[in-house]
Amino acid sequence: MQATLSRRAFVSYATRRKLVPYAYVAPAMALFALLMLYPMIAVFRYSLMDGAIIKRNPTFVGFANYVANFENPVFWQAVGQTLYFTSLSVIFHLAIGMGFALLLNSPLVNPTLRSLLRTLYVLPWLFTAVIIAIIWRLLLDPEGVINAILMALHVVGHKVEWFSSTTTALDALTFVNVWAGYPLYMVSLLAGLQGVPKELYEAAGIDGANAIEKFRFITVPQLTPIIISIALLDFIWTMQVFPLVWTITGGGPIYSTEVMSTYTYKQAFADYDFSMASSSAICILLMSLSATYFYVKHQKAQ
Amino acid sequence: MTKRSRLKSLAPTALTYLGLAVGLVYAGFPILWMLFASLKSNTEIFELPPRLLPRHFTLEAYFTIFADPIKVRFFVNSYLVSGVVTLLTVLIAILSAYAFSRYSFRFKALLNVFVISTQTVPPITLLIPYFGMVVAFRIFDTYYALILTYMVFTLPYAILLMTGYLNTLPKELDEAVLVDGGSSWTALWRVLVPISIPGIVATAVYTFLLAWNEFLFALTLTKSMEMRTVPIGIELLMGQHAYEWNQMMAMSVLGSLPLLVLFLLAQRYFLAGMTAGSVKA
């Protein structure tokens, strides 16, 4: 107490004024240091060791864990499937989100109906991944309602095992993820559409542009900044997908839905090989950071 | 009007409404199916031909859940952890947001980039060192483990949302306090916070949603049934009673309820925040 008081007397008003913002950000920055900076360094260190966390004195092995991962065909299968799942998700999120936003923005829809439908269309976004997983496991069960409908319509001739066949599991998972993720695009694009100046469409109408041309030459360019930032964020987050895959298929059958995070999780918490898992985790981090680089650059440009 | 031209003018309206109806089925059918399956008996769920509405309404699944202390505990845990995380996150975010919004200081741009990029770090990358840390701090399988680690993904959003909100308020409001000789602390809590309630509500709702939905950390950093949260509880139920579908659906309904209520209450602020801050799905 004495020390603080005497120090305060020496520190000038101007210096104290300068220190004020640091005091306000201090709690958040302390937490970030503990929960972000330190763990990042730790996970990188683990990835260069053999038997991190488990062994008392783990040995330094350089990039051996990375090499072991790169020589594992399942690692590359997981990378490929992650990119497949992510790219398809982003494309369909954008297409469905854009479709719903355009429908809701149509002048033919009255405002009350618009806000009611907007609320209903946003709902999938509110559900926990595990709940989404369980709903779709029921719907897409071989004995479930979707098979019953598809068979009644003669689209499929037998009960399809959507999640337990190696040929359909990844696409079925992607389908579920599309359902869970389009609302973010819809809400953002709808807000974007409402911000496009009406005069642009009127002027184009006078010049004889049809609806498709208006969309192509006015709507899309006006929305491009929004589309780029959401698609990049969605790409980064979808690449990190875990709960949905873990609860529906757990990466199976026979690695057919293994993604980077389930692959890493199994190394850490099924095999207890935290060093191998850390090297895989660093690979996911690098994939995310490369996309983040573009995201931050894009945000700054705006 | 000729028949043909009337048809032509009706076509866009008809197509728009058809599209909206398809959208409603796509978004709503799975949710309705969950709701009504939770009100069926377990044998009725797979009856053919499938029916959306139950033949015999029953609350049996809900009674079974409320009669099981462990399942009730999942909900208590989720409310407790999410509540405390929300409180701490909002408090710390208000302090940081005030500095970001009202002061210019060295490292500000760097810290800003740091906050933004923190949103994109994969949880699985952090999970491995967190596991080591939580064991070392002797907080494995406790509320503290979840509350502490959840802050890493709630804080960046909360800071961004709050900073965005404070930026919309005129600087003159709080500067008047400073000119009158008041401290920045007074300016923040007596002037800015009371008029920032909408922003704080949006931030709190969003933080609660993130914490409530968390899966990976809860799965790994807790172990005993007494410490499990709702998402993990549902996942365990799926493994244990693979055929108790009506109970799993009832758990899902109960697990979605707080988010639906909060969302409907705070929707106006929330959607604005969602579009402004590009919020995590």
What part of [X] lies closer than 4.5 angstrom to a heavy atom of chain A: side chain, backbone, both or neither?
X	answer
B:Ile45	side chain
B:Ile94	neither
B:Ala93	neither
B:Tyr98	side chain
B:Leu91	neither
B:Ile159	side chain
B:Arg102	neither
B:Thr220	both

Pick whichever of [options] has the most heavy-atom pairs under 4.5 Å with chain A.
options	result
B:Thr149, B:Thr16, B:Leu264, B:Val230	B:Thr16
B:Ala99, B:Ser96, B:Pro122	B:Pro122
B:Pro30, B:Ser256, B:Gly28	B:Pro30
B:Met151, B:Arg106, B:Lys108, B:Arg51	B:Arg106

Could you look at [X] and say if it's the side chain, the backbone, both or neither that has a heavy atom under 4.5 Å from chain B?
X	value
A:Thr247	both
A:Met287	neither
A:Val178	both
A:Leu117	side chain
A:Ile96	side chain
A:Ala148	side chain

Side-chain touch [X]/[Y], heavy atoms, less than 4.5 angstrom:
X	Y	value
A:Arg137	B:Met248	no
A:Thr264	B:Thr125	no
A:Ile131	B:Val253	no
A:Tyr121	B:Leu24	yes
A:Leu31	B:Val152	no
A:Leu35	B:Leu126	no
B:Leu127	A:Phe242	no
A:Ile134	B:Met251	no

How many angstroms lie between [atom1] in [X] and [atom2] in [Y], if you round to the nearest 0.5 Å?
X	Y	atom1	atom2	result
A:Asp141	B:Trp245	CG	CH2	6.0 Å
B:Ile128	A:Met276	CD1	CE	11.5 Å
A:Tyr265	B:Leu219	OH	CG	3.5 Å
A:Tyr295	B:Thr120	OH	OG1	9.0 Å
B:Ile31	A:Phe127	CD1	CZ	4.0 Å
B:Leu259	A:Trp125	CG	CH2	9.5 Å

Would you mind telling me which of [options] has the largest number of heavy-atom pairs within less than 4.5 Å of chain B?
options	value
A:Ile41, A:Leu120, A:Ile53, A:Leu139	A:Leu139
A:Tyr22, A:Tyr38, A:Phe100	A:Tyr22
A:Ile135, A:Leu138, A:Ile284	A:Leu138
A:Trp179, A:Tyr182, A:Tyr46	A:Trp179
A:Val25, A:Ile236, A:Val43, A:Val145	A:Val145

* Yes or no on side-chain contact (heavy atoms from CB on, under 4.5 Å) for B:Trp33 and A:Ile146, after CA distance, side-chain angles and deciding distance? -> CA-CA 11 Å; B:Trp33 194 266; A:Ile146 290 189; over 6 Å; no

* If only atom types and distance count, is the side chain of A:Trp237 paired as donor or acceptor with the main-chain N or O of B:Gln119 below 3.5 Å? ->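 Between the backbone of B:Gln119 and the side chain of A:Trp237 there is a qualifying donor-acceptor contact (under 3.5 Å).
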
With a 6.0 Å cut-off (strictly less than), is the heavy-atom count around [atom1] of [X], excluding the residue itself, greater than 12?
X	atom1	value
B:Lys223	NZ	no
B:Phe29	CZ	yes
A:Phe92	CZ	no
A:Arg114	CZ	yes

* Criterion side-chain contact (heavy atoms from CB on, under 4.5 Å) on B:Ile124 and A:Leu285, from CA distance to verdict -> CA-CA 9 Å; B:Ile124 186 90; A:Leu285 177 70; over 6 Å; no

* Could you walk me through whether B:Tyr17 and A:Leu113 pass the side-chain contact (heavy atoms from CB on, under 4.5 Å) check? -> CA-CA 11 Å; B:Tyr17 280 94; A:Leu113 183 66; 3.6 Å; yes

* Considering non-hydrogen atoms only, spot the tightest contact between B:Ser184 and A:Val20 and give its length. =>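 Here B:Ser184 and A:Val20 meet closest at OG-CG1, 3.9 Å.
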
* Going through the checks in order, is the side-chain contact (heavy atoms from CB on, under 4.5 Å) test met by A:Thr292 and B:Val121? -> CA-CA 9 Å; A:Thr292 305; B:Val121 170; over 6 Å; no

* Anything under 30° is parallel, anything over 60° is perpendicular, the rest tilted; go ahead and classify B:Tyr26 against A:Phe175. =>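 Ring orientation of B:Tyr26 relative to A:Phe175: perpendicular.
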
* Asked: Which word best sums up how the rings of B:Phe131 and A:Phe274 line up, parallel for under 30°, tilted for 30 to 60°, or perpendicular for over 60°?
  ->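 Rings of B:Phe131 and A:Phe274: parallel, as their planes differ by under 30°.
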
